[in-house]
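Let me begin by presenting the structure, written as C-alpha cells, before commenting on it.
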Amino acid sequence: MAKKQKSPLSRLLEFAGNYKILTFTGLLLSGIAQVCGMIPYICIWLVIKDLVATAPNFTEAQNISKYGWIAFTAATGGILIYFMALLCTHLAAFRTASNIRKQGIAHLMKTSLGFFDTNGSGLLRNRLDGAASETETLLAHNLADIVGTVTMFIAMLILMFMFDWRMGSSCLLAAVISIAMLFVMMGGKNAKLMMEYQSAQDYMAKAGTEYVRGIPVVKVFQQTVYSFKAFKDAIENYSKKAEQYTDGVCRFPQSVNLTVTEGAFIFLVPVVLLLAPSALASGNFSQFVTDFAFYAVFSAITSTALAKIMFASSGTMLANTALKRIETVMNAPILPQCKHPKEPDGNSIEFNNVTFTYEGTDHPALYNISFKVENGQTVALVGPSGGGKTTVASLIPRFWDVSEGEVKIGNVNVKEIAQNVLMEKISFVFQNTRLFKTSIFENVRAAKPSATKEEVMQALNEAQCQDIIEKLPHGIDTQIGSKGTYLSGGEQQRISLARAILKDAPIIVLDEATAFADPENEALIHKALKHLTKGKTVIMIAHRLSTVTGADRIIVLSEGRIIEDGTHESLKNAEGLYAKMWTDYNTAAEWKIGVSK
C-alpha cells in the first residue's frame, strides 16, 4: 500500500521541531479570538431585539447595558487572545525559518562543489532564504488567519440557519459564488500557470544576480541591459507570465468575486420583500424585523470573511510553492561517502579510462581519459577553450564524480577517501578568486584555522604580499570590502596563494592562476608559485604557454580527449596542435601596434 503523502503544511511544520506545539496553540487561540470577535454582532442583534420588543417604550429595555458590557468584554478579550495567538505562532515561525536555513545550509555542505556551478548563488538564495522568509510570514500570520477564517465561517453557517434558513441561504449565496470564483483563479489548469509564474520569478532572480555581478563590464563598455540576453529574456518571460495570470485568468473572476462579496446585502433584499407580506399576515412582524436586522448585520461581515478565505487560499498555495523551493535545495544530490575509507599511499594522481558527462547534457565532456602524475611531478593541461581542462581538474577533488572509470590519489580511488582527508591533501588556486568580507588575516587563516599570526605572516611573505600589507591602513587586520578598501585582481590572487601556502597541501591544482594579473602582479605571482609548488604534485591549467614550458609533462586536451602528451620540446617538434598553439602564442606576444605612414 502506497504511503500517504503529507500535505505541504505538515511537511513545513516538521522544520519547527519542538516548537510545533506553539503553532497549534496559536491556531487554537486564533479560533477562540474569532469567536469572541463575533459576539459583539450577536449583542447588537440582542439590543435591536429588545428595542423592537419594547417599542415605542424604549426605556423598558433593561438589558441594553448588559449587552454592551458583554460586547466590550468579548471584543477586548478577543484582541488579547489574538495577540497571544500571534505571539505563539511568531515564536514557532521564527524557529521554523531558522531551521530551514540551517538544515538547508547543512545539506548544501554535503553536496558536491560542482552543484554550485550549475545552481547560481542568486537562485539558491532565492530558493532557500526567500522561501524561508515566505514560510515565516505564512506560519506567523497567514496560518492563524486561515484557522480564524475557518472558525468564523463555521460559526457564520450555524448562526445563518439559526433563525431563518431562507434569509441565511440568501446571505450565503454570495459566499458560494465567491468560492467558485476562487476555484476558477487558483484551481485546475490555472494552478499550473501559477507554478510557471513562480518558476519565472526564480529564474529572473538568478539572472538578476548575474547581471548585477556584470555591472562593471556594462559600465566600461557602455552596454545596456539588452547586452545581457539571459536577464532580458528572464524579465520578459516573468512579465509575460504575470500578465497572463493576472489579466488572462484573474480579471473576470476577481471582478465577480469583489462585486458579490462587497454587495452581499443585495441578495438579502429580494428575499425579505418576498417574506414580508406573510410576516405581516401572521402577526410576527416584530420577530421578522429582528431577524432581518440580524442578517443585515451579518451580511456586512460576509465580505470580510470571504476576503479572509481568499487570503487563506493564497496562503496555502504560498506554502506549497515555498516548500517546493525548499525541497529543490533539500533534494540536492549528496556526495556519497565511503563507509570504510582508505588512506592514500602518496600523492600521485591517476586517471583510468575516465569518461564524464555533465548533468543535463547529451555528450560527454571527457572521453576515456587516462594518465598518471607521479609524486612531486608537475603536469600542465593545455588546449583550446572547452577542451576539458577544468573538468579534468575538478574531478580530482570530487567536485563531480566520474561517469565511467576512476580517479585515484595515492593509488586509492577518490570515492574511497574520506572527504576531509581528500580536502586536506589538495589546495586550489582558481582564476576567479573569492575573498571574504573580513580581515586579510582571517581570509588567509581560513585555509588553516589553527594557524598563528606568525604563520599567516610567513605565508603572506612567501606569496609576495608585503606591498599589499604595507599600503593597507591596518595591515593584515584591514577589513576587505569595507570603507573603500578593495584589492585588484592580481592582489586578490596573491592573497589566495597565501591561503594555499598556509594550507601546505601536498597536491596543488592551479587553474589559470595568472589569468587576470597585470605584468607586475604576474611576476610576483610566479615567485609565490615557486614557494607553493616546491616539492608538491602539481596539476596546472594554462593558456599562457610560456608558464608551462618547465613542466615535467604537458597534456594537450581537445574536445574532451587527450591528443598529445609529452614535454615542451617534444611537443613543439611534433608539429601537432601544441606546436600550432605555441606558434600562435608567440605571434600574439610579439604583436605591436603599427605606425601608419
Side-chain angles (χ1 to χ4, degrees), residues 113-114 342-356 365-383 387-402 404-417 419 421-431 497 500-501 503-514 526 529-545 547-558 560-572 574 577-578 581:
L113 291 177
K342 300 177 182 178
E343 284 290 330
D345 181 19
N347 305 309
S348 62
I349 301 170
E350 185 176 358
F351 278 63
N352 288 330
N353 301 316
V354 169
T355 296
F356 174 73
L366 298 176
Y367 295 87
N368 199 32
I369 300 294
S370 295
F371 66 89
K372 185 171 183 178
V373 183
E374 300 293 347
N375 279 337
Q377 194 175 35
T378 296
V379 171
L381 305 178
V382 301
K389 303 182 295 297
T390 299
T391 303
V392 167
S394 67
L395 294 178
I396 299 169
R398 292 189 71 191
F399 286 7
W400 306 99
D401 274 341
V402 299
E404 297 176 21
E406 61 179 357
V407 179
K408 292 182 177 181
I409 289 180
N411 300 316
V412 176
N413 192 317
V414 291
K415 294 180 181 180
E416 299 177 333
I417 302 173
Q419 189 66 17
V421 174
L422 186 62
M423 290 297 100
E424 286 172 1
K425 290 189 74 67
I426 306 173
S427 282
F428 317 93
V429 181
F430 299 115
Q431 55 181 313
L497 284 168
I501 290 171
K503 185 177 180 180
D504 196 28
I507 297 173
I508 309 295
V509 177
L510 303 173
D511 187 355
E512 292 290 348
T514 61
H526 282 303
L529 287 173
K530 289 181 181 179
H531 288 284
L532 175 62
T533 59
K534 187 176 181 180
K536 308 292 177 62
T537 302
V538 181
I539 293 283
M540 61 185 301
I541 299 169
H543 283 107
R544 298 183 183 182
L545 297 187
T547 63
V548 304
T549 55
D552 298 310
R553 284 172 64 196
I554 299 173
I555 295 174
V556 184
L557 288 158
S558 180
R561 292 181 171 88
I562 295 177
I563 59 172
E564 290 183 290
D565 185 353
T567 63
H568 170 70
E569 289 298 328
S570 66
L571 293 176
K572 189 173 66 170
L577 177 59
Y578 181 83
M581 291 173 61

- request: Could you walk me through whether Y578 and V548 pass the side chain to side chain contact (heavy atoms under 4.5 Å, CB included) test, one step at a time?
  value: CA-CA 12 Å; Y578 181 83; V548 304; 4.2 Å; yes
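- Listed by chain and number, the residues in a salt bridge (Lys or Arg N to Asp or Glu O under 4.0 Å) with K534 amount to none (sequence neighbours excluded).
- Remark: T567 pairs with E569, S570 by the side-chain contact (heavy atoms from CB on, under 4.5 Å) rule, at least two apart or across chains.
- By the salt bridge (Lys or Arg N to Asp or Glu O under 4.0 Å) test, D345 is found to be paired with no residue, residues two or more places apart in sequence or in another chain being considered.
- To the nearest 0.5 angstrom, I409 atom CD1 is 11.5 Å from E350 atom CD.
- Note that CD1 of I349 and OG1 of T537 are 6.0 Å apart. Values are rounded to the nearest 0.5 Å.
- By the 4.5 Å heavy-atom criterion applied to side chains, D504 and K536 are counted as neighbours.
- With contacts defined as side-chain heavy-atom distances shorter than 4.5 Å, the pair I555/V392 does not qualify.
- With 3.5 Å as the limit, one finds no donor-acceptor pair spanning the side chains of T355 and N368.
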task: Start with the C-alpha distance between V402 and K415, add both sets of side-chain angles, then the distance that settles side chain to side chain contact (heavy atoms under 4.5 Å, CB included), and finish with yes or no.
output: CA-CA 10 Å; V402 299; K415 294 180 181 180; 4.2 Å; yes
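- Looking at residues two or more places apart in sequence or on another chain, you find a side-chain contact (heavy atoms from CB on, under 4.5 Å) between S558 and P384, I563, L577.
- Across all non-hydrogen atoms, the minimal contact from P344 to V421 is CD-CG1, 4.3 Å.
- To the nearest 0.5 Å, atoms CD1 (I562) and OG (S370) are separated by 7.0 Å.
- Ring geometry, F351 versus F371: the interplanar angle falls under 30°, so the pair is classed parallel (tilted spans 30 to 60°).
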Identify every side-chain donor-acceptor pair in residues 372-382 under 3.5 Å, counting partners at least two apart or on other chains, and give the distances.
from : atom 1 : to   : atom 2 : distance (Å)
N375 : OD1    : N347 : N      : 2.6
N375 : OD1    : S348 : N      : 2.8
Q377 : OE1    : E374 : N      : 2.9

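- With values rounded to the nearest 0.5 angstrom, L497 atom CG is found 7.5 Å from L510 atom CG.
- Residues P397 and A393 share a closest heavy-atom pair of CD-O, 3.0 Å.
- You'll find the side chain of I396 stays beyond 4.5 Å of the side chain of V414, heavy atoms only.
- K389 pairs with exactly one of I539, V556, L557 by the side chain to side chain contact (heavy atoms under 4.5 Å, CB included) rule, that one being L557.
- By the side-chain contact (heavy atoms from CB on, under 4.5 Å) test, E406 pairs with N352, K408, N413, sequence neighbours left out.
- Taking CG of D565 as the start and CZ of R553 as the end, the distance is 4.0 Å to the nearest 0.5 Å.
- Of the inter-residue distances, the one linking I554 atom CD1 with M540 atom CE reads 9.0 Å to the nearest 0.5 angstrom.
- When side chains are defined from C-beta on, L532 counts as touching V429, because their heavy atoms get closer than 4.5 Å.
- Of the residues M581, H568, K572, the one that meets the side chain to side chain contact (heavy atoms under 4.5 Å, CB included) test with L545 is M581.
- Annotation: side chain of S394 is not in contact with side chain of D511 (no heavy-atom distance under 4.5 Å).
- Pairing each heavy atom of P506 with each of K425, the nearest pair is CD-O, 3.3 Å.
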